[in-house]
**Q** 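For reference, the structure I am asking about is given below.
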There are 2 protein chains.
Amino acid sequence: MDAGAPKFRRRKADRPAEIVQAALAVFAEKGFAAAKLEDIARQAGVSKGAIYLYFETKEDIFRAVVGQAIAPNVVAVKAMAAAHPGPLADLLRGVTGHIAGIVTHTPLGCVLKMVVGEARNFPEIARVWHDELVSQALGTLTAAIAAAQARGEVKPGDPRIYALQLIAPLLVAVLWRETFVPVGAEPFDLPAVMSQHIDTLLLGLLTEGARP
Amino acid sequence: MDAGAPKFRRRKADRPAEIVQAALAVFAEKGFAAAKLEDIARQAGVSKGAIYLYFETKEDIFRAVVGQAIAPNVVAVKAMAAAHPGPLADLLRGVTGHIAGIVTHTPLGCVLKMVVGEARNFPEIARVWHDELVSQALGTLTAAIAAAQARGEVKPGDPRIYALQLIAPLLVAVLWRETFVPVGAEPFDLPAVMSQHIDTLLLGLLTEGARP
DNA sequence: TGTTACTAAACGGCCAGTCAGTTATTTAGA
DNA sequence: TCTAAATAACTGACTGGCCGTTTAGTAACA
């Protein structure tokens with residue numbers, strides 16, 4: 001045993017974030033129920049007991065993981081909407097491109113899958129995600145579309161459904177990646193999907209006068 | 001104790017189907033891991049031990065549940081495609097209407113959610129669903145769109161992405177129903193979504209000559 | 001009376017959560 | 001600056017309960 005190397009360090013401040021990050025990886029791979037605290041602890045570089053210095057229960061960790069993924073995104077979406085007061089087409093390209101970037105380079109897709117999968121067992125998590133993220137994002141998009149309708153840019157129709165139409169292919173492509181690509185399915189190229197989707201949908205969405 | 005009423009009946013032929021149906025209900029509500037054999041047994045009207053006369057393990061039941069949801073649908077989709085050799089618009093309205101009906105009146109939506117949620121833990125189930133149902137359906141739709149492109153009905157573009165664009169709102173609306181509606185989210189009206197979606201998307205999809 | 005579908009109780013492995021002890025770090029006294 | 005006592009972050013072995021699975025026995029039906 002190397003006398004100079006301590007067996008562990010006391011790093012109270014950093015532990016919670018490290019544990020949450022480790023838990024995200026393990027939950028994303030196994031799902032909530034099949035994830036073992038032992039695995040989370042090992043991944044975080046602590047013992048199982050140490051986790052309980054910072055979290056009450058396993059569910060508590062899950063809540064922290066899911067909650068953490070929300071905050072940075074909701075502000076981003078709203079800022080994006082505010083930044084494009086002009087033609088709807090600009091806004092849509094900006095927003096969808098931004099979301100596509102988030103979804104490819106962060107574990108948001110994994111978390112989404114977990115929220116869908118565990119919604120029945122953790123209704124309060126589904127509620128938080130809906131109230132604070134999904135509903136906000138959809139509402140922002142819906143409002144932007146309704147405003148464009150008022151300006152005469154967009155044809156009549158339910159703006160909430162238009163918003164759904166816009167983001168649905170992105171979500172499905174992400175779930176496809178998480179679900180079927182690991183078993184050999186051909187992936188979808190996210191930028192290509194969104195590019196073609198926006199091009200196609202805008203033609204049906206915009207009034208004649210608003211087309212480029 | 002009523003002497004005339006037997007404690008149980010011997011109904012070997014019916015048990016498997018009853019157990020699978022009960023398991024579907026319990027799995028759909030709780031997810032695979034949180035579902036208890038005890039609950040499935042009670043719902044099916046048998047004892048826990050009886051289940052093991054017909055299934056090897058809990059996973060075995062899950063496989064039966066998921067597999068059962070596949071067969072009736074894949075044939076339906078292919079028949080639908082074969083029945084509409086004419087203009088793409090007819091086919092799309094037929095197919096999406098049909099799928100919307102299935103998804104509202106059968107537990108396919110629940111099963112889809114389960115497949116997404118448990119794909120990592122049961123890769124062979126994800127594979128079966130992909131190979132036998134999802135990929136088939138998407139492939140059929142893609143082929144129909146490609147054929148329409150060859151006829152000059154549909155604009156250039158990746159037909160597989162067009163297919164994704166077409167069905168994505170339906171899938172998201174279903175997952176929305178399963179995930180967020182139970183916690184107070186406003187549901188989407190599936191027929192309204194598909195009607196507006198087809199109307200809008202076709203405008204962007206069809207060539208000028210093919211528009212009604 | 002024999003066969004076997006079925007029940008109910010018991011088993012055992014797994015794992016979230018606990019706890020008594022250990023070690024890093026801080027504080028305070030010399 | 002060194003040392004010792006005090007503090008609390010951390011470890012790892014342990015446990016209690018839950019639940020999938022087994023099995024010995026029972027009851028339905030031919």
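A, B, ... follow the sequence lines: proteins, then strands. Residue 1 opens every chain.
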**Q** Starting at atom CG of A/D60, determine the distance to atom P of C/dA16, rounded to an integer number of angstrom.
**A** 15 Å
**Q** Can you check side chain to side chain contact (heavy atoms under 4.5 Å, CB included) on A/I161 and B/D189, steps first, answer last?
**A** CA-CA 9 Å; A/I161 295 183; B/D189 179 56; over 6 Å; no
**Q** When all nucleic acid strands are considered with a 4.0 Å heavy-atom cut-off, which category describes A/Y54: base, sugar-phosphate, or nothing?
**A** sugar-phosphate
**Q** Is there a side chain to side chain contact (heavy atoms under 4.5 Å, CB included) between A/V46 and A/F8 once you walk through the steps?
**A** CA-CA 8 Å; A/V46 294; A/F8 62 87; over 6 Å; no
**Q** Does any residue of residues 18-27 of chain A have a heavy atom under 4.0 Å from DNA chain C, and if so, which ones, in number order?
**A** none
**Q** Working note: B/K78 + B/Q136, criterion side chain to side chain contact (heavy atoms under 4.5 Å, CB included); need CA distance, chi angles, decisive distance, verdict.
**A** CA-CA 8 Å; B/K78 294 204 159 181; B/Q136 301 273 338; 2.7 Å; yes
**Q** How long is the straight-line distance from NZ of A/K58 back to NZ of A/K36, given to the nearest 0.5 Å?
**A** 10.0 Å
**Q** Separation of A/R11 atom CZ from C/dT23 atom C1', in whole Å?
**A** 16 Å
**Q** Can you check the B/L53 CG to C/dT7 P distance for me, whole Å?
**A** 9 Å
**Q** Cation-pi check, A/R160 to B/F188: give yes when NZ or CZ is under 6.0 Å from the six-membered ring centre and within 45° of the ring axis, no otherwise.
**A** yes
**Q** How many whole angstroms separate atom CZ of A/F62 from atom C1' of C/dA16?
**A** 16 Å
**Q** Do B/L166 and B/I198 have side chains that approach each other closer than 4.5 Å (heavy atoms only, starting at C-beta)?
**A** yes
**Q** Going 5' to 3' along nucleotides 19-30 of chain D, which nucleotides have protein heavy atoms under 4.0 Å from the base (write B), which only from the sugar-phosphate (write S), and which from neither (write -)?
**A** SBBB----SBB-
**Q** Identify the residue among B/T200, B/L201, B/D199 that makes a side-chain contact (heavy atoms from CB on, under 4.5 Å) with B/H197.
**A** B/L201
**Q** Between P on D/dG12 and CZ on A/R42, what's the gap in Å once rounded to a whole number?
**A** 12 Å
**Q** My understanding is that only residues two or more places apart in sequence, or in another chain, count here; which of them pass ring pair (Phe, Tyr, Trp, His ring centres under 6.0 Å) with B/F122?
**A** B/F32, B/F62
**Q** Report the distance from atom CZ of B/R15 to atom C1' of C/dT7, rounded to the nearest whole Å.
**A** 11 Å
**Q** Please verify the inter-ring angle class for A/F180 with B/H130; under 30° counts as parallel, over 60° as perpendicular, anything in between as tilted.
**A** tilted
**Q** Out of C/dC6, D/dG12, C/dT7, which nucleotide sits closest to the side chain of A/S47?
**A** D/dG12
